[in-house]
Number of protein chains: 2
Amino acid sequence: MKQPRLLLVEDDPALAELLEFRFKAENYDVRVTPDGDEALLWASEEAPDLVILDWMIEGTSGIEVCRRLRRDKATAHVPIVMLTARGAEDDMIRGLETGADDYLTKPFSPRELIARVSAIMRRIRPALAGESITVGDLTMDATAHKVTRRGSILALGPTEFRLLKFFMEHPGRVFSRGQLLDAVWGTDSDIELRTVDVHIRRLRKGIELEGAPDPVRTVRSAGYALEAV
Amino acid sequence: MKQPRLLLVEDDPALAELLEFRFKAENYDVRVTPDGDEALLWASEEAPDLVILDWMIEGTSGIEVCRRLRRDKATAHVPIVMLTARGAEDDMIRGLETGADDYLTKPFSPRELIARVSAIMRRIRPALAGESITVGDLTMDATAHKVTRRGSILALGPTEFRLLKFFMEHPGRVFSRGQLLDAVWGTDSDIELRTVDVHIRRLRKGIELEGAPDPVRTVRSAGYALEAV
DNA sequence: AGTGATCGTCACAAACTTGTCATAAATTCA
DNA sequence: TGAATTTATGACAAGTTTGTGACGATCACT
């Protein structure tokens with residue numbers, strides 16, 4: 001899955017390096033700059049998923065960067081987390097009013113910053129924050145009712161969607177036809193076991209893609225499983 | 001304009017009263033309860049726009065309330081701000097991981113809480129904060145009650161307007177007819193599910209534009225969603 | 001009271017899904 | 001190899017879900 005891209009605007013080299021390291025460990029793609037103007041340039045070109053912005057930076061001030069990010073259409077809706085020195089409550093209020101989404105006062109723990117950034121990412125980009133399931137090259141966003149394979153959106157019927165969802169929630173495991181009927185159709189359904197075969201075929205057809213292998217594995221005399229391909 | 005509705009779960013009467021007063025002055029509709037179970041009950045019935053939740057409360061604990069709010073479909077996406085005692089960083093991490101959106105440690109200034117709540121409201125319910133929402137080529141200015149698409153002003157009936165507003169506040173997500181009835185018509189409305197179809201058609205008709213695709217997606221056996229086109 | 005807009009419901013048409021079957025293909029094992 | 005078992009596939013009719021036009025009721029405003 002695509003990494004969320006972070007722009008870190010921080011002119012304390014030690015802190016910048018520490019945060020860069022920690023965020024990279026959390027699977028973020030981090031870009032660092034100490035300079036406000038450079039930050040604006042990069043932000044409008046590359047549209048990061050989130051900006052972490054120190055209030056006191058060289059060149060254009062933090063609040064001015066914040067304001068300009070909001071004014072530029074390309075970055076108007078990118079979440080911003082601001083960092084400032086302790087005790088500057090007025091700064092905080094102004095920051096939030098200028099359009100920042102969150103605010104931390106130094107010194108803060110990297111864990112806290114990471115937790116806050118993750119909370120924002122979860123809300124803004126659910127697909128990037130684990131509200132979607134990924135198995136191999138398949139990605140399912142159950143909320144949006146969308147399935148993607150290698151970037152292409154797949155069209156599945158309702159039953160195939162539920163079937164795939166169940167498989168993706170238990171990747172690699174083999175399920176008998178009876179188990180699949182119980183899980184996907186409901187315990188009280190009165191349906192031929194063989195019908196599962198048909199829906200497996202429909203699922204295979206629905207997720208097939210030029211040059212991509214079939215992730216649905218038939219286990220003879222046992223059932224079916226979804227493999228991470 | 002409708003006031004944003006806040007649910008404040010706080011068992012310190014002095015703090016609760018202070019916050020209630022301050023938020024009312026900021027034009028929020030505030031409901032206060034010291035009890036976790038009562039909070040859950042009210043939240044699932046009335047679906048507040050945001051929940052402020054003290055970690056240490058009587059009855060069900062704060063984190064448990066948070067978890068249950070997330071689990072209940074009706075409240076799964078309501079933002080939560082948690083309050084806790086100073087120095088409990090682990091609590092903070094757990095809170096944010098459980099699904100809270102923001103976190104403050106006591107003592108905090110009411111101004112700070114208000115600023116943070118406003119920042120969240122601005123992001124997730126722009127319409128309530130007096131800003132305009134944009135989804136794809138659609139723009140809605142809820143205050144002026146105007147919708148534009150690629151520059152043209154659209155004429156929508158009241159219900160279609162509310163329906164579109166709800167969709168635009170949750171772009172991409174699929175909602176069942178029942179959910180749409182609850183959200184747009186009100187929880188206590190006693191209306192045929194199929195009536196939603198009719199209003200979806202009226203909405204589609206209202207926003208259709210020469211050469212522009214239909215952003216309303218039908219998800220068979222699930223409901224409807226608004227796509228960013 | 002009169003006008004026009006909006007609302008909820010219905011009935012029917014259109015579009016799509018679904019479960020089953022018959023048959024073909026694949027696999028197992030003696 | 002050949003028979004037996006198991007799975008894959010195409011077709012189809014029944015069933016379900018959604019789209020649409022029409023209609024009377026209601027409401028706001030004149």
Side-chain angles (χ1 to χ4, degrees), chain A residues 145-147 153-167 173-209 212-227, chain B residues 145-147 153-167 173-208 213-227:
Chain A
H145 240 265
K146 270 189 179 166
V147 188
I153 293 180
L154 307 177
L156 297 177
T159 308
E160 284 70 63
F161 188 90
R162 290 202 309 277
L163 184 56
L164 178 60
K165 185 173 173 211
F166 179 70
F167 273 131
R173 267 179 62 191
V174 178
F175 296 96
S176 71
R177 292 175 176 74
Q179 288 174 309
L180 291 173
L181 278 182
D182 283 355
V184 178
W185 277 259
T187 324
D188 48 315
S189 72
D190 182 27
I191 290 183
E192 281 291 321
L193 282 180
R194 292 260 127 229
T195 299
V196 175
D197 298 31
V198 178
H199 282 279
I200 288 284
R201 175 171 56 91
R202 288 173 180 158
L203 174 57
R204 280 177 165 146
K205 202 152 209 167
I207 65 179
E208 85 185 345
L209 211 63
D214 176 11
V216 180
R217 180 165 56 108
T218 303
V219 182
R220 203 180 165 80
S221 77
Y224 299 93
L226 180 74
E227 301 297 311
Chain B
H145 235 261
K146 265 187 185 164
V147 190
I153 295 181
L154 307 177
L156 296 177
T159 308
E160 285 69 62
F161 186 89
R162 290 203 309 278
L163 184 56
L164 179 60
K165 179 171 154 205
F166 179 71
F167 273 131
R173 274 181 59 191
V174 175
F175 296 96
S176 69
R177 292 174 176 74
Q179 288 175 308
L180 291 172
L181 279 182
D182 283 355
V184 178
W185 278 259
T187 323
D188 48 317
S189 71
D190 183 28
I191 289 183
E192 282 292 320
L193 283 179
R194 296 292 267 96
T195 299
V196 174
D197 297 31
V198 178
H199 283 277
I200 287 283
R201 176 169 56 93
R202 289 171 180 161
L203 174 59
R204 279 178 166 145
K205 205 151 209 169
I207 65 179
E208 86 184 345
D214 177 11
V216 180
R217 177 166 60 112
T218 304
V219 181
R220 197 159 235 269
S221 82
Y224 299 93
L226 180 74
E227 301 295 304

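The figures here come from the full heavy-atom set of this structure, side chains too, leaving out hydrogens, waters and symmetry mates. Within every chain, numbering begins at 1; the chains are lettered A, B, ... in the order of the sequence lines, protein sequences first and strands thereafter. This structure is a prediction, so every number in the text was calculated from the model and none was measured.
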Handout entry: A:Leu180 side chain near A:Leu163 side chain, heavy-atom distance below 4.5 Å
Key =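 Yes, at least one pair of side-chain atoms sits under 4.5 Å.
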Could you check which of [options] has an atom nearest any side-chain atom of [X]?
| X | options | result |
| --- | --- | --- |
| A:Ile191 | D:dG10, C:dT20, C:dT17 | C:dT20 |
| A:Thr195 | D:dA8, D:dG19, C:dT20 | C:dT20 |
| A:Val198 | C:dT9, C:dC21, D:dA8 | C:dC21 |
| A:Arg194 | D:dT6, C:dG19, D:dT18 | D:dT6 |

Please evaluate the base of [N] for a donor-acceptor partner in the side chain of [X] within a cut-off of under 3.5 Å?
| X | N | value |
| --- | --- | --- |
| A:Arg201 | D:dG10 | yes |
| B:Arg220 | D:dT17 | yes |
| A:Arg204 | D:dA8 | no |

Practice task
Could you pick out which residue, A:Leu193 or A:Gly157, lies toward the 5' side of DNA chain C when each is mapped onto its nearest nucleotide?
Solution key: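 Comparing both residues, the 5'-ward one is A:Gly157.
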Exercise for the section: Using heavy atoms to find the nearest nucleotide of DNA chain C for A:Arg162 and B:Leu156 separately, return the residue whose nucleotide is more 5′. Expected result: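 Between the two, 5'-proximity favours B:Leu156.
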State whether [X] places a side-chain N or O below 4.0 Å from either non-bridging phosphate oxygen (OP1 or OP2) of [N].
| X | N | answer |
| --- | --- | --- |
| B:Thr218 | D:dG19 | yes |
| B:Lys205 | D:dT20 | no |
| B:Tyr224 | D:dG19 | yes |
| A:Thr159 | C:dT17 | no |
| B:Trp185 | C:dC7 | no |
| B:Arg177 | D:dT18 | yes |

Taking [atom1] from [X] and [atom2] from [N], how many angstroms apart are they, rounded to a whole number?
| X | N | atom1 | atom2 | result |
| --- | --- | --- | --- | --- |
| B:Asp197 | C:dA13 | CG | P | 18 Å |
| B:Leu203 | D:dT20 | CG | C1' | 15 Å |
| B:His199 | D:dG21 | NE2 | P | 16 Å |
| A:Glu208 | D:dT9 | CD | C1' | 13 Å |
| B:Arg202 | C:dT9 | CZ | P | 11 Å |
| B:Leu163 | C:dG8 | CG | P | 11 Å |
| A:Glu192 | D:dT9 | CD | C1' | 17 Å |
| A:Ile200 | C:dT18 | CD1 | C1' | 15 Å |

Handout entry: Carboxylate-amine/guanidinium proximity below 4.0 Å for B:Glu227 and A:Lys146
Key =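 Yes, B:Glu227 and A:Lys146 are salt-bridged.
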Practice task
Establish, from distance only, whether the side-chain atoms of A:Arg162 and B:Ser221 form a donor-acceptor pair under 3.5 Å.
Solution key: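 Per modelled atom types, A:Arg162 and B:Ser221 side chains form no pair under 3.5 Å.
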Practice task
Kindly assign one of parallel, tilted or perpendicular to the pair B:Phe161 and B:His145, based on the angle between their ring planes and the thresholds 30° and 60°.
Solution key: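 Parallel.
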Exercise for the section: Would you check if the distance from the ring center of A:Phe175 to the ring center of A:Phe166 is below 6.0 Å? Expected result: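 So the answer is yes for these two rings.
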Problem - Identified side chain to side chain contact (heavy atoms under 4.5 Å, CB included) partner of B:Leu164 from the options B:Leu203, B:Val216, B:Thr159 - result: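 It is B:Leu203, the one option of B:Leu203, B:Val216, B:Thr159 that forms the side chain to side chain contact (heavy atoms under 4.5 Å, CB included) with B:Leu164.
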